2 protein chains.
Amino acid sequence: MRTVPSHTAVKLSAAAELFAEHGVEQTKMEDIAAATGIPKATLYYYFAGKEEILAFLFRDALNRVADEVAIAVESEGSAAARLAEVIRAQLRVMAEQPAVCRALVGELGRAGRIPEIAAMIHAAYYEPVQALLEDGVADGSLRQLSDPGSVAMAVFGAVTISALSYLVTDQALDQERLASAVTTLVLDGLRPR
Amino acid sequence: MRTVPSHTAVKLSAAAELFAEHGVEQTKMEDIAAATGIPKATLYYYFAGKEEILAFLFRDALNRVADEVAIAVESEGSAAARLAEVIRAQLRVMAEQPAVCRALVGELGRAGRIPEIAAMIHAAYYEPVQALLEDGVADGSLRQLSDPGSVAMAVFGAVTISALSYLVTDQALDQERLASAVTTLVLDGLRPR
DNA sequence: GAGGACGTTGGACTGAGAGTCTAAACCGAG
DNA sequence: CTCGGTTTAGACTCTCAGTCCAACGTCCTC
């Protein structure tokens with residue numbers, strides 16, 4: 001895959017719209033060409049096919065998540081507060097890029113077949129969050145966990161699926177409300193104190 | 001879609017394998033015919049196309065989840081204990097049907113385009129769990145929540161994505177370990193008590 | 001046991017669309 | 001101006017989804 005010039009890259013977000021709306025299978029290269037304004041021949045000049053366009057969009061969106069998560073992880077405050085910030089950050093990115101996120105999550109099952117994507121989710125989310133969970137043990141703001149890896153994945157899932165449920169049903173995503181529901185669940189649990 | 005005879009239905013699980021492994025798009029009807037032993041003409045006799053085969057597999061898997069969840073919800077014990085049982089039930093079904101679950105979650109983004117599936121997840125999971133959350137408030141085993149709907153989705157996501165992460169990376173899914181990690185997260189939260 | 005209804009199948013066919021290829025324009029740097 | 005990479009139109013091939021139909025099997029009914 002050749003380096004994609006930025007003026008071309010920006011146009012591609014229209015393709016995410018198509019993927020999210022109709023699914024990858026139902027989206028024709030001609031449709032992508034029409035929606036982005038990039039001629040078919042040019043698309044094939046840069047990408048081997050739809051899959052690679054999809055992978056490109058994923059990489060972009062995941063970079064965004066990685067950046068926001070990194071900022072949240074490295075911010076001030078207790079580990080618990082920073083974890084809350086991570087949740088908020090993920091919701092923010094998802095709200096900003098609903099189409100890409102719908103397409104991304106729609107293809108999550110393919111993560112296994114696109115090892116690069118799986119590795120990116122790992123590096124962008126699981127690793128920093130897992131480190132954060134360990135920080136929390138150190139600063140006393142989070143409990144000791146026997147399996148921080150699984151917990152990091154569960155937190156990611158809680159945020160992702162609940163946000164996605166709103167996005168795919170076309171309900172407006174009330175970030176603040178969802179953030180507070182998920183944060184309370186994750187930090188305080190469902191059992192009364 | 002005609003009623004699918006059971007001797008045909010059982011063979012279709014081989015198709016789930018293909019969908020999970022290569023994705024729907026990359027799976028040819030001929031491949032499905034070869035893998036299931038059902039001739040192409042017969043497949044088209046019963047289903048309008050791949051999508052309908054997929055929907056059929058989903059319906060089947062979701063019925064299983066719905067059954068197991070219903071049993072867990074209606075079991076004895078506090079709402080908190082029953083919620084833990086729901087989590088265990090979902091992990092059990094996912095471990096039993098890894099291929100269908102990978103395909104199902106891989107196509108979750110399409111839920112919006114397959115309203116029937118979205119409705120089934122709602123009826124099979126969100127509604128009973130939400131009712132359970134309300135039971136918990138009544139019996140005092142769970143806290144009062146401002147947004148039980150979002151919390152039900154978040155719990156579903158926590159279980160689904162963490163289990164999927166194991167399934168797509170081909171790591172063995174240690175149900176007991178994951179169940180305990182997720183249950184602790186959901187019931188007790190991450191903040192030390 | 002003749003005949004009909006329906007399930008089942010092989011195999012040929014059609015059309016859509018993915019992906020390829022070529023040659024021509026374009027454009028910036030030296 | 002010229003060389004090299006970029007961009008594009010358009011024509012081409014080939015795979016595959018989906019259709020169609022005739023033939024065959026099986027069971028039921030009269």
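Being a predicted model, the structure only gives us computed values, none of them experimental. So that the names make sense, note that chain A is the first sequence line, chain B the second, and so on, each numbered from 1.
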Charged N-O contact under 4.0 Å between [X] and [Y]:
X: A:Glu52; Y: A:Arg59; answer: no
X: A:Glu176; Y: A:Arg88; answer: yes
X: B:Glu96; Y: B:Arg64; answer: no

Between B:Ile38 and A:Gly49, which has a closest nucleotide on DNA chain C that is more 5'?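 Mapping each residue to its closest nucleotide by heavy atoms, the 5'-most match is B:Ile38.
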Could you tell me the separation between the [atom1] atom of [X] and the [atom2] atom of [N], rounded to a whole number of Å?
X: A:Leu43; N: D:dT6; atom1: CG; atom2: P; result: 16 Å
X: B:Phe47; N: D:dT19; atom1: CZ; atom2: C1'; result: 18 Å
X: B:Gln26; N: D:dA17; atom1: CD; atom2: C1'; result: 14 Å
X: A:Glu25; N: D:dC16; atom1: CD; atom2: P; result: 13 Å

How does protein reach along nucleotides 20-30 of chain C, written 5' to 3' as B (base within reach of a heavy atom under 4.0 Å), S (only sugar-phosphate), or - (no contact)? B----------
For residues A:Ala79 and A:Leu142, report the shortest heavy-atom separation together with the two atoms involved.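 The pair with the smallest heavy-atom distance is CB-CD1, 4.1 Å.
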Counting only heavy atoms and a strict 4.0 angstrom limit, can you tell me which residues of residues 27-37 of chain B come near DNA chain C?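 Contacting residues: none.
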What nucleotide among D:dA17, C:dT9, C:dA18 has an atom nearest to a side-chain atom of B:Lys50?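 That would be D:dA17.
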Minimum-distance nucleotide (side-chain atoms of A:Tyr45 versus D:dT6, D:dA17, C:dT9):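 Given the options D:dT6, D:dA17, C:dT9, the side chain of A:Tyr45 is closest to D:dT6.
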Report yes if the side chains of [X] and [Y] come closer than 4.5 Å at any heavy-atom pair, otherwise no.
X: A:Gln26; Y: A:Asp31; value: no
X: A:Tyr126; Y: B:Ser165; value: yes
X: A:Thr183; Y: A:Asp188; value: no
X: B:Leu173; Y: B:Pro98; value: no

